[in-house]
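Counting convention: from 1, in listed order, for ligands and their atoms alike.
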Amino acid sequence: MKAVRLLEYGGQLVFNDVLTPAIARDEILVKIKSSAVNHLDLVKASGTARQILPIDLPWIPGHEFSVSGVVEQIGSDVAAYAPGDAAFAANETGGAYAEYLAVKPAAIARKPSNLSFEEAASVPVASQTAWQGLFTHGHLEKGQTILIHGGAGAVGAYAVQLASHAGATVIATASGDDEAYLNSIGANRVIDYREEQFEKVLREKVDVVFDLVGGETQKRSFLVLKEGGHLVSAVQPVSQEEAAMHHVSGVIMRLAPSGDVLGRIGRLLEEGTIRPDVATVYALQDAAQAWKDIAEKLPRVHGMSPSEPGAPRRKKHGKIVLRVA
Ligand SMILES: NC(=O)c1ccc[n+]([C@@H]2O[C@H](COP(=O)([O-])OP(=O)(O)OC[C@H]3O[C@@H](n4cnc5c(N)ncnc54)[C@H](OP(=O)(O)O)[C@@H]3O)[C@@H](O)[C@H]2O)c1
């Protein structure tokens, strides 16, 4: 099969033929239509986090994908799966920048029929991270108030939509020019992080903070949480001393892909309650260019420099997707 691989930490991506994966008894082999690009791909490839996020080299990146005709081959222990279904999924180890992938059926959900394959591939990581951040770790309930840092990003946009749908009051920090976009997807209030300090302008405390930014933003978040509130970070550990001092809980979360959660998200997408956002679609063999786009936002990862001045800028919101088949 064709695949994009990383041969060494910090190396270039290469596109060539590799062996199609063999499946274990509890796996199915899927034929990928599209996969999406995540920060995580670049972080793992850079080797900077190899102690906590190791990869086996050579490594095929890609943690989310959509497939048509789900089942190419089924392991002997896989009982229920409908051949021919279109599906989408996230997986923890990577491997989706390729034509085929071996996956556990428990991670897969039916693809919403109203989404293109490119749109479907953009959903699993960001939406499930948002869902688990809000509900599994943040225990967000109807009537509560949540502050989402980085609300206009890929994860943040799902967090805003899901929190709003759950009946919470949603406050998001973002660049000022994202205000209209965030209001259009359900934010009640947007605080421009470049102009204002959220802890100075918020009059009332919040029940949950979902941190997609880290650093000082996370530190200052303790000041706006109600006692008993929850600080959930998807980016860096939360100080337990500070959390105890402020009588709140603090947790760093890591996405645990779940076909069940993704199925529930799929139904919200299908009924139009929430929507996906694709920024750019590249062919699989152009993954390196897609990484350059992402590197604009992660200047120190993978030794990449931002695009040249004057180069066309990608659409501000949404995921970068690779078309595989
Ligand atoms: N733990 C997990 O399992 C998990 C899973 C998925 C993602 N993540 C992590 O979650 C983070 C967000 O991911 P993403 O895909 O949503 O990223 P993204 O699409 O790049 O979005 C990041 C957003 O944050 C905004 N931002 C930057 N600095 C800010 C600040 N000080 N205050 C408020 N907003 C700020 C950016 O706005 P501007 O561009 O306008 O500055 C951008 O809209 C990443 O660090 C990613 O690695 C973790």
Side-chain angles (χ1 to χ4, degrees), residues 36-46 48-49 52-53 61-64 90-94 122-134 136-138 147-162 171-182 185 187 189-199 201-202 209-221 224 232-238 251-258 261 276-280 290-291 293-302 306 313-321:
V37 178
N38 279 285
H39 292 186
L40 185 60
D41 301 335
L42 281 75
V43 171
K44 282 188 176 179
S46 71
T48 51
I52 46 169
L53 298 169
H63 293 84
E64 59 187 331
N91 72 318
E92 280 175 290
T93 48
S122 75
V123 170
V125 168
S127 66
Q128 290 187 83
T129 304
W131 180 292
Q132 291 175 357
L134 264 47
T136 311
H137 302 285
L147 172 63
I148 298 167
H149 292 306
V155 179
Y158 282 107
V160 168
Q161 295 182 84
L162 292 170
I171 304 166
T173 59
S175 292
D177 53 4
D178 284 324
E179 184 169 359
Y181 165 66
L182 281 165
I185 60 171
R189 179 171 177 191
V190 178
I191 300 173
D192 181 349
Y193 79 88
R194 295 171 194 266
E195 299 291 334
E196 294 179 307
Q197 293 211 292
F198 61 87
E199 73 279 15
V201 297
L202 277 180
V209 173
F210 189 30
D211 169 33
L212 299 164
V213 172
E216 279 301 303
T217 299
Q218 184 189 100
K219 240 176 137 38
R220 292 188 275 121
S221 295
V224 301
V232 180
S233 179
V235 294
Q236 68 176 59
V238 179
V251 65
I252 177 164
M253 65 159 291
R254 182 142 160 212
L255 169 63
S258 150
V261 168
D277 195 2
V278 172
T280 320
W291 278 28
D293 285 7
I294 295 268
E296 272 186 27
K297 291 191 171 183
L298 293 175
R300 280 177 299 283
V301 172
H302 209 64
R313 276 188 64 79
R314 73 179 177 94
K315 188 177 147 231
K316 192 161 189 299
H317 310 116
K319 300 279 294 196
I320 300 181
V321 171

(message) Check contact between Leu40 and ligand 1, using heavy atoms of the residue and a distance below 4.0 angstrom.
(response) no
(request) Say whether His317 and ligand 1 are in contact under the criterion: heavy-atom distance to a ligand atom below 4.0 Å. (result) no
Enumerate the atoms of ligand 1 whose separation from the nearest heavy atom of [X] is less than 4.0 angstrom.
| X | result |
| --- | --- |
| Val213 | 29 (C), 30 (C), 31 (N), 32 (N), 33 (C), 34 (N), 35 (C) |
| Ser175 | 38 (P), 40 (O), 41 (O) |
| Thr217 | 31 (N) |

(request) Give the single entry among Ala234, Pro257, Gly153 that approaches atom 21 (O) of ligand 1 most closely by any heavy atom. (result) Gly153
(message) Heavy atom to atom 17 (O) of ligand 1, shortest distance: which of Arg254, Met253, His39, Gln128 holds it?
(response) His39
Side chain, backbone, both or neither: which applies to [X] and ligand 1 if a contact is any heavy-atom pair less than 4.0 Å apart?
| X | answer |
| --- | --- |
| His63 | neither |
| Leu255 | both |
| Thr129 | side chain |

(message) Polar contacts were defined as any N/O atom of the residue lying under 3.5 Å from an N/O atom of the ligand; does this apply to Ala154 and ligand 1?
(response) yes
(request) Return yes or no for this condition: an N or O of Ala174 is under 3.5 Å from an N or O of ligand 1. (result) no
(request) Identify the residue among Leu255, Val125, Leu53 that makes a side-chain contact (heavy atoms from CB on, under 4.5 Å) with Leu40. (result) Leu53
Shortest non-hydrogen contact from [X] to [Y]?
| X | Y | answer |
| --- | --- | --- |
| Val213 | Asp211 | N-OD1, 2.9 Å |
| Asp277 | Tyr158 | N-OH, 4.4 Å |
| Pro237 | Gln218 | O-OE1, 3.1 Å |
| Val209 | His149 | CG1-CD2, 3.6 Å |

(message) Taking Asp178's backbone N and O only, do any of them form a donor-acceptor pair with Ser175's side chain (distance below 3.5 Å, no angle check)?
(response) no
(request) Apply the test side chain to side chain contact (heavy atoms under 4.5 Å, CB included) to residues Val123 and Lys319: give CA-CA distance (whole Å), side-chain angles for both, the deciding distance (0.1 Å), then the verdict. (result) CA-CA 9 Å; Val123 170; Lys319 300 279 294 196; over 6 Å; no
(message) Would you call the rings of His317 and Tyr181 parallel, tilted or perpendicular, taking 30° and 60° as the class edges?
(response) parallel
